[in-house]
Novice: 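Sharing a structure below in C-alpha cells format, with a few things to ask.
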Amino acid sequence: MNLFELIREQQLGYAQFHADRTNLRLHLLTAPVFQLAHLGLLVSLGQGHWGAALAWVGLALFAIAIQGRGHAMEARPALPFTGPLNALLRIEAEQWITFPRYALSGGWRLAFART
C-alpha cells in the first residue's frame, strides 16, 4: 500500500476508530504535541543538541502513548500494525495529515456531538 492509499484508508475509517469523547479530546491535545516534538527534534539535530533531540523524541513517544490509551477506550479498537514500517507510516500519516484534516473539516466536532 502506498502513502496515498494509506491516507485515503485512514480518512474513510477515521470516525469509526475515533468515536469516544475522551479519545477525541486526547487526540486534539496530543497531535499538536507530537508535531511540535518533531519540529523540535529537527531543530535540535540541526544545531547538534543531542540531549534536546532525545527529549523531543521522548515527548513524541509520550504523545503517542497517550493516544494509545485513548484508543483503548474505543468500542472499535484500531487495526493492529503489520510491522514497524507500517506503524511508522500510519502514525506519521495520522498525526500530520489525517487527524488535522479530520479536525479542520469539522469531523471531530460532529463525532464529539454524536457521543
Novice: Is there a continuous path of hydrophobic side-chain contacts, each under 4.5 Å between heavy atoms, that joins F34 to V43?
Specialist: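 Cluster IDs for F34 and V43 differ.
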Novice: Measuring from atom CE of M73 to atom CG of D20, what distance do you get when rounded to the nearest 0.5 angstrom?
Specialist: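 Output value for this atom pair is 6.5 Å.
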Novice: Minimum heavy-atom separation for N23 and E74, please, with both atom names.
Specialist: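 Residues N23 and E74, closest heavy atoms: ND2-OE2, 2.7 Å.
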Novice: Taking all non-hydrogen atoms of both residues into account, name the closest pair between A93 and L3 and its distance.
Specialist: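 Answer, listing the atom of A93 first, then L3: CB-CD1, 4.4 Å.
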Novice: Return each pair, listed once, that meets side chain to side chain donor-acceptor pair (under 3.5 Å) where at least one residue sits in residues 1-11; pairs must be two or more places apart or across chains.
Specialist: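 Listed by first then second residue: Q10-T98.
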Novice: Among the clusters formed by ILVMFWY side chains lying less than 4.5 Å apart, do I97 and L85 turn up in the same one?
Specialist: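 Yes, because I97 and L85 connect within a single hydrophobic cluster, where side-chain heavy atoms sit under 4.5 Å apart.
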Novice: Could you tell me which residues satisfy side-chain contact (heavy atoms from CB on, under 4.5 Å) with A72, sequence neighbours excluded, listed by chain and number?
Specialist: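 Here no residue qualifies.
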Novice: Hey, what do you get for CG (L24) to CZ (R109), rounding to the nearest 0.5 Å?
Specialist: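 Going from CG on L24 over to CZ on R109, the span is 12.5 Å.
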Novice: Remaining members of L42's ILVMFWY cluster at a side-chain heavy-atom cut-off under 4.5 Å?
Specialist: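 Grouped by the 4.5 Å side-chain rule, L42 forms a cluster of one, so the answer is none.
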Novice: Going by the rule side-chain hydrogen bond (donor to acceptor under 3.5 Å, both in side chains), which residues pair with E92 if we only count those two or more places apart in sequence or in a different chain?
Specialist: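 In terms of side-chain hydrogen bond (donor to acceptor under 3.5 Å, both in side chains), with neighbours along the sequence ignored, E92 is linked to H38, W96.
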Novice: Can you hop from Y14 to L28 via hydrophobic side chains spaced under 4.5 Å?
Specialist: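 Linked within one cluster.
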Novice: Which of parallel (below 30°), tilted (30 to 60°) and perpendicular (above 60°) describes Y102 and F99?
Specialist: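 Aromatic pair Y102/F99 classed tilted.
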Novice: Drop me the distance from L41's CG to L59's CG, to the nearest 0.5 angstrom.
Specialist: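 If I round to the nearest 0.5 Å, the distance is 10.5 Å.
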Novice: Looking only at atom types and distance, does a side-chain atom of R90 sit under 3.5 Å from a main-chain N or O of L79, one as donor and one as acceptor?
Specialist: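 Yes.
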Novice: Taking only residues at least two apart or on different chains, which pairs with a member in residues 57-68 satisfy side chain to side chain donor-acceptor pair (under 3.5 Å)?
Specialist: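 Listed once each, the pairs are H27-Q67, T30-Q67, Q67-Q95.
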Novice: Go through the steps for I91 and F81 under the test side-chain contact (heavy atoms from CB on, under 4.5 Å), then give the verdict.
Specialist: CA-CA 10 Å; I91 289 169; F81 297 120; 4.0 Å; yes
Novice: Report yes if the side chains of R21 and R25 come closer than 4.5 Å at any heavy-atom pair, otherwise no.
Specialist: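 Answer yes - side chains close enough.
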Novice: When you compare the side chain of V33 with that of F62, does any pair of heavy atoms fall below 4.5 Å?
Specialist: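 No, side chains not in contact.
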Novice: Return all side-chain donor-acceptor pairs below 3.5 angstrom for residues 46-54, not counting sequence neighbours, or 'none' if the list is empty.
Specialist:
unit_1 : atom_1 : unit_2 : atom_2 : d
Q47    : OE1    : H49    : ND1    : 3.2
W50    : NE1    : G48    : O      : 3.4

